[in-house]
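Working notes, structure below.
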Amino acid sequence: MSLMIVGHRGLMGVEPENTLRSFVRAEREGVDVIELDLHLSKDGALVVMHDADVDRTTDGAGPVADHTADALRELDAGLGERVPLFEEVTEAVALPLQAEIKDPAAATALAAVITARGLAGRVRVISFHDEALRTVRGLLPEQSIGLVTGRSTDTAAERARGLGADLVSAELPHLTREAVDRCQALGLEVISWTVNTGEDLARVRELGLDGVVTDRPEIVAELSRPAA
């Protein structure tokens, strides 16, 4: 059975993360789904960035929420790339998206964009934050949602079921066979992050997962290779 291949922040192992360049590269390399992260700018725009601050991934400083969208677009996000808005990503690539809400305040804005642009069938909303997923579920009762977990993976099946999620995206070191079995018994897909080595991939197969989240084009190529 083939594994779903999710490009992590595009393909951040080889391109500046969460940039249009990274997303286009991921699509070109053959991932099935692109994952990205969302915060709200000072003026309420859906900004694609992982951290709450801009310091690590741009030449700017300070919280994302203290910058307007225009100010954020002036920053260098690596190799001359600009900080994109979520709407720009939906236009730059054609693949399905996993949109991870990092700031729960972004949930309402994301639901509005999904509705306005008719993206319900293309976007799966994911988050560590139960309240963000509840907000989206309340606004979009049929929207596909997924729970992201790390150390709390042992309770993922029950939490995801309670939220109405259809996927659990779990940190690989915290996944056990028992947790996977409980999720899959409830009809939940289970994928893991971040799968960047052959050893990681062997563990994924041992656990019987449904997909991987990866930074690396080599992993994409390995999983895309026809079976012998």
Side-chain angles (χ1 to χ4, degrees), residues 6-29 31 33-120 122-133 135-136 139-140 143 145-146 148 150 169 193-194 213-215:
V6 181
H8 191 215
R9 307 178 205 168
L11 270 183
M12 64 174 284
V14 290
E15 300 290 358
E17 67 178 67
N18 277 325
T19 62
L20 295 184
R21 178 185 175 115
S22 190
F23 301 136
V24 170
R25 173 73 178 270
E27 186 169 62
R28 187 171 70 245
E29 293 285 351
V31 306
V33 180
I34 291 170
E35 184 266 354
L36 54 82
D37 305 289
L38 295 174
H39 284 272
L40 277 185
S41 68
K42 185 176 182 179
D43 49 348
L46 280 172
V47 178
V48 182
M49 187 171 293
H50 180 274
D51 299 357
D53 298 316
V54 303
D55 304 54
R56 180 178 64 84
T57 57
T58 78
D59 59 350
V64 176
D66 286 353
H67 296 72
T68 65
D70 285 345
L72 289 165
R73 291 169 65 80
E74 293 299 315
L75 302 177
D76 188 332
L79 300 178
E81 288 290 304
R82 300 300 163 188
V83 177
L85 302 183
F86 176 65
E87 293 90 333
E88 293 175 316
V89 180
T90 68
E91 295 168 357
V93 293
L95 286 175
L97 303 172
Q98 287 185 6
E100 181 172 352
I101 298 173
K102 304 303 279 191
D103 173 6
T108 300
L110 177 57
V113 171
I114 288 171
T115 300
R117 293 189 166 237
L119 296 170
R122 184 180 168 198
V123 174
R124 179 182 263 147
V125 179
I126 65 174
S127 187
F128 278 100
H129 302 287
D130 293 30
E131 64 268 34
L133 296 176
T135 297
V136 172
L139 294 169
L140 303 174
Q143 182 63 44
I145 61 175
V148 186
S169 181
W193 51 275
T194 308
V213 183
T214 186
D215 302 331

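As the structure is a prediction and not an experimental result, all values here were calculated from the model.
- Between the OG1 atom in Thr58 and the NE2 atom in His67 there is a gap of 7.0 Å [rounded to 0.5 Å].
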Salt bridge (charged side-chain N to carboxylate O under 4.0 Å, His left out) between Arg25 and Glu15, intermediate numbers included:
CA-CA 8 Å; Arg25 173 73 178 270; Glu15 300 290 358; 2.8 Å; yes
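- The closest side-chain heavy-atom distance from Leu119 to Thr90 is below 4.5 Å.
- Side-chain atoms of Val47 and Leu38, non-hydrogen and from C-beta on, never get closer than 4.5 Å to each other.
- In this structure, CZ in Arg82 is found 5.5 Å from CG in Asp76, a value given to the nearest 0.5 Å.
- Summarising the geometry, atom CE belonging to Met49 is positioned 8.0 Å from atom CG belonging to Asn18; distances are rounded to the nearest 0.5 Å.
- Here the CD-CH2 distance, from Glu35 to Trp193, works out to 10.0 Å after rounding to the nearest 0.5 Å.
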Under the criterion side chain to side chain contact (heavy atoms under 4.5 Å, CB included), I'd like the reasoning laid out for Phe23 against Leu11: C-alpha separation, chi angles, the key distance, then a yes or no.
CA-CA 7 Å; Phe23 301 136; Leu11 270 183; over 6 Å; no
Just do the side chain to side chain contact (heavy atoms under 4.5 Å, CB included) check on Ile126 and Ile145 with the steps written out, would you?
CA-CA 6 Å; Ile126 65 174; Ile145 61 175; over 6 Å; no
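- Under the 3.5 Å distance criterion, the side-chain polar atoms of Thr19 are matched with a main-chain donor or acceptor of Pro16.
- Listed here is the closest heavy atom pair of Ala99 and Phe86: CB-CE1, 4.2 Å.
- Side-chain atoms of Asp215 never come within 3.5 Å of backbone atoms of Thr194 as a donor-acceptor pair (strictly under, hydrogens ignored).
- Rounded to the nearest 0.5 angstrom, Thr57 OG1 and Glu17 CD are separated by 5.5 Å.
- Taking both residues in full, the closest heavy atoms of Leu20 and Ala92 are given as CD2-CB, 3.9 Å, listed atom of the first, atom of the second, then distance.
- Proximity of a side-chain donor or acceptor of Arg122 to a complementary backbone N or O of Leu95 within less than 3.5 Å is detected.
- Looking at Asp66 and Lys42, their side chains never come closer than 4.5 Å, going by heavy atoms from C-beta outward.
- For the residue pair His39 / Asp103, no side-chain donor-acceptor distance below 3.5 Å is found, with atom types taken as modelled.
- Between Thr108 and Leu139 there is a side-chain heavy-atom pair separated by less than 4.5 Å.
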Walk me through whether Ile34 and Val6 qualify under side chain to side chain contact (heavy atoms under 4.5 Å, CB included).
CA-CA 6 Å; Ile34 291 170; Val6 181; over 6 Å; no
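- Val125 has its side chain out of reach of Leu140: every pair of non-hydrogen atoms, C-beta onward, lies at least 4.5 Å apart.
- Residues that satisfy the side-chain hydrogen bond (donor to acceptor under 3.5 Å, both in side chains) test with Gln98, not counting sequence neighbours, are absent from this structure.
- Taking both residues in full, the closest heavy atoms of Ile101 and Ala132 are given as CG2-CB, 3.9 Å, listed atom of the first, atom of the second, then distance.
- Residue His129 holds its NE2 atom at 11.5 Å from OG1 of Thr135, rounded to the nearest 0.5 Å.
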Run Arg56 and Asp51 through salt bridge (charged side-chain N to carboxylate O under 4.0 Å, His left out) and show every step you take.
CA-CA 8 Å; Arg56 180 178 64 84; Asp51 299 357; 2.7 Å; yes
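- Considering only heavy atoms from C-beta on, Leu40 comes within 4.5 Å of Leu46 through its side chain.
- If you check the side chains of Asp43 and Ser41, you find a donor sitting under 3.5 Å from an acceptor.
- Under the 4.5 Å side-chain criterion, counting only non-hydrogen atoms from C-beta, Arg9 is not in contact with Leu36.
- Residue Glu131 comes nearest to Pro104 through the heavy atom pair OE2-CG, 3.8 Å, listed as atom of the first residue, atom of the second, then distance.
- The two atoms that bring Ala69 and Leu85 nearest to each other are CB-CD2, 4.3 Å, heavy atoms only.
- The residue from Glu88, Glu87, Glu91 that alone fulfils the salt bridge (charged side-chain N to carboxylate O under 4.0 Å, His left out) condition with Arg117 is Glu91.
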Test log, rule side chain to side chain contact (heavy atoms under 4.5 Å, CB included), inputs Val93 and Val24
CA-CA 6 Å; Val93 293; Val24 170; 4.1 Å; yes
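- Thr214 is not listed as a side-chain neighbour of His8, based on a closest heavy-atom distance of 4.5 Å or more.
- Nearest approach of Gly146 to Leu133, heavy atoms of both residues: O-CD1, 3.5 Å.
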